[in-house]
Amino acid sequence: MVHVQNSTLAGGVAVGTVCNLLLGAHGAVLIGIIAGTVSVLGYRYLTVSSTRNTHCPQSPNPFKHTKN
């Protein structure tokens, strides 16, 4: 589910950044697909490699409050 959320957000941001250009529907779809793919692949592979290289696990929820 995280992949769907990230790719949707990345596609919207990518199309929004070029909104002043004269693009048709095919251009917007292509930009959205490319941005979504890059986002999912980056999340999938860069998160794993950064965790291995820094020996620091990713926190699932950094704002979670723990009871003392």
Verify same cluster id: V4, L9 (apolar side-chain graph, 4.5 Å): no
Test log, rule side chain to side chain contact (heavy atoms under 4.5 Å, CB included), inputs V40 and N6: CA-CA 7 Å; V40 168; N6 285 340; 5.5 Å; no
Over all atoms of both residues, closest heavy-atom pair of S7 and S39: N-OG, 4.1 Å
Minimal non-hydrogen separation, A14 against I31, with atom names: CB-CG2, 3.7 Å
CG on L30 to CG on L23, rounded to 0.5 Å: 9.5 Å
